[in-house]
Amino acid sequence: MNCQICGKPSGYLPLCKSCFKLKDENKVMKCPVCDKWRKTDEVCPSCGNKPIQTIDTNKQQESDTTPKLTCIICGENSNGLHFCKKCYAKYKDRSVDIRITNCTETEILDEYGNLIYRCDDGRKVRSRAEAIICSWLYNNKIRVKYEEPVYYLDEKTGETKELHPDFYLPDYELYIEYNELSNPKYLKSKEYTQKIYDKLGLKVIIMTDKDLQDVSACLKPKLIIR
């Protein structure tokens with residue numbers, strides 16, 4: 001007798017040893033119409049009976065209860081993608097630092113990213129120049145806050161907006177800004193920022209690349225450090 005599945009010799013049995021193993025894996029079955037053995041997912045070659053569509057209830061339940069993927073930044077529906085359209089448009093060209101709690105709650109720690117330069121006090125900043133300034137302040141025992149937000153009212157829109165000065169010295173109530181670039185667009189932006197500081201009555205020290213050559217000469221006289 002030959003195997004009803006593969007046609008190989010099977011002795012007195014309808015299935016050979018190899019195909020009999022497939023029975024335990026539910027890959028072969030007896031046709032409910034003609035009682036011949038056939039592959040579970042194929043049409044019966046003897047009577048043409050179509051394969052039975054089965055549903056794995058365990059997988060179905062798992063699929064129903066498994067939460068759908070949402071935006072990893074805001075948690076809103078993202079159609080199964082890692083980011084929703086709004087967050088993708090906002091952060092696609094940035095490096096964002098995010099704190100994830102309990103694998104479900106997210107908090108943006110820094111939406112601008114690129115904190116790669118380590119200062120002497122262990123904190124990280126965005127540029128080598130900022131690291132030099134921050135380290136000097138630390139070594140001179142001056143308390144400093146990095147990018148402490150300054151809030152102001154935009155007169156054109158009436159919205160509350162914020163600036164992110166490079167450093168804030170709470171003991172001096174003083175801000176430090178480092179002007180790195182010299183292109184017209186950047187300088188215009190810094191001029192606009194300076195007007196906001198002036199309007200808010202805030203004290204600001206503007207440092208340039210030249211000041212980095214001797215930070216002490218630039219800051220000591222203004223901070224009255226001996």
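Nothing here was measured: the structure is a model prediction, and the numbers come from that model. One-based numbering along the sequence shown.
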inquiry  = Is it the case that over 12 heavy atoms from other parts of the model lie below 6.0 angstrom from the CD atom of Glu173?
reply    = no
Min side-chain heavy-atom separation Ile205-Leu219 under 4.5 Å = yes
task = Side-chain contact test, heavy atoms from C-beta onward, threshold under 4.5 Å: evaluate it for Asn179 versus Ile206 and give yes or no.
result = yes
message = Strictly below 4.0 Å, N to O, side chains only: are Arg123 and Asp121 in salt-bridge contact?
response = yes
message = Per the salt bridge (charged side-chain N to carboxylate O under 4.0 Å, His left out) rule, what does the pair list look like for residues 135-146, sequence neighbours excluded?
response = Arg143-Asp171
query = Looking only at atom types and distance, does a side-chain atom of Thr70 sit under 3.5 Å from a main-chain N or O of Asn77, one as donor and one as acceptor?
reply = no
inquiry  = Any non-hydrogen side-chain atom of Lys124 less than 4.5 Å from a side-chain atom of Cys119?
reply    = no
task = State whether the side chain of Gln4 and the backbone N or O of Trp37 hold a donor-acceptor pair below 3.5 Å, judged by distance alone.
result = yes
ask   = So if you build clusters from Ile, Leu, Val, Met, Phe, Trp, Tyr with side-chain heavy-atom gaps below 4.5 Å, do Ile72 and Tyr88 land together?
value = yes
inquiry  = Hydrophobic cluster membership, with links at side-chain heavy-atom distances under 4.5 Å among I/L/V/M/F/W/Y: are Tyr117 and Phe167 in one?
reply    = yes
key: Ile196: side chain to side chain contact (heavy atoms under 4.5 Å, CB included) partners, not counting sequence neighbours   = Tyr152, Leu163, Tyr192, Leu200
Pairing residues for Asp198 by the side chain to side chain donor-acceptor pair (under 3.5 Å) criterion, not counting sequence neighbours = Gln194
inquiry  = Taking OH in Tyr138 as the centre, count heavy atoms belonging to other residues, nucleotides or ligands within less than 6.0 Å. Is the count above 12?
reply    = no
key: Side-chain donor or acceptor of Asn140 paired with backbone N/O of Leu137 under 3.5 Å   = no
query = Do Ser135 side-chain atoms and Asp120 backbone N/O form a donor-acceptor pair below 3.5 Å?
reply = yes
key: Modelled atom types, side-chain donor and acceptor of Glu130 and Tyr146, under 3.5 Å   = yes
ask   = Cut-off 3.5 Å, side chains only: do Tyr168 and Glu147 have a donor facing an acceptor?
value = no
ask   = Does Ser78 use its side chain to pair, donor to acceptor, with the backbone of Cys71 at less than 3.5 Å?
value = yes
query = Okay, side chain of Arg38, backbone of Glu42: is any donor-acceptor separation there less than 3.5 Å?
reply = yes
ask   = Side-chain heavy atoms under 4.5 angstrom apart, residues restricted to Ile, Leu, Val, Met, Phe, Trp, Tyr: same cluster for Ile116 and Tyr178?
value = yes
request  = Report yes or no: does Lys203 contribute a side-chain atom to a donor-acceptor pair with the main-chain N or O of Tyr172 at less than 3.5 Å?
outcome  = yes
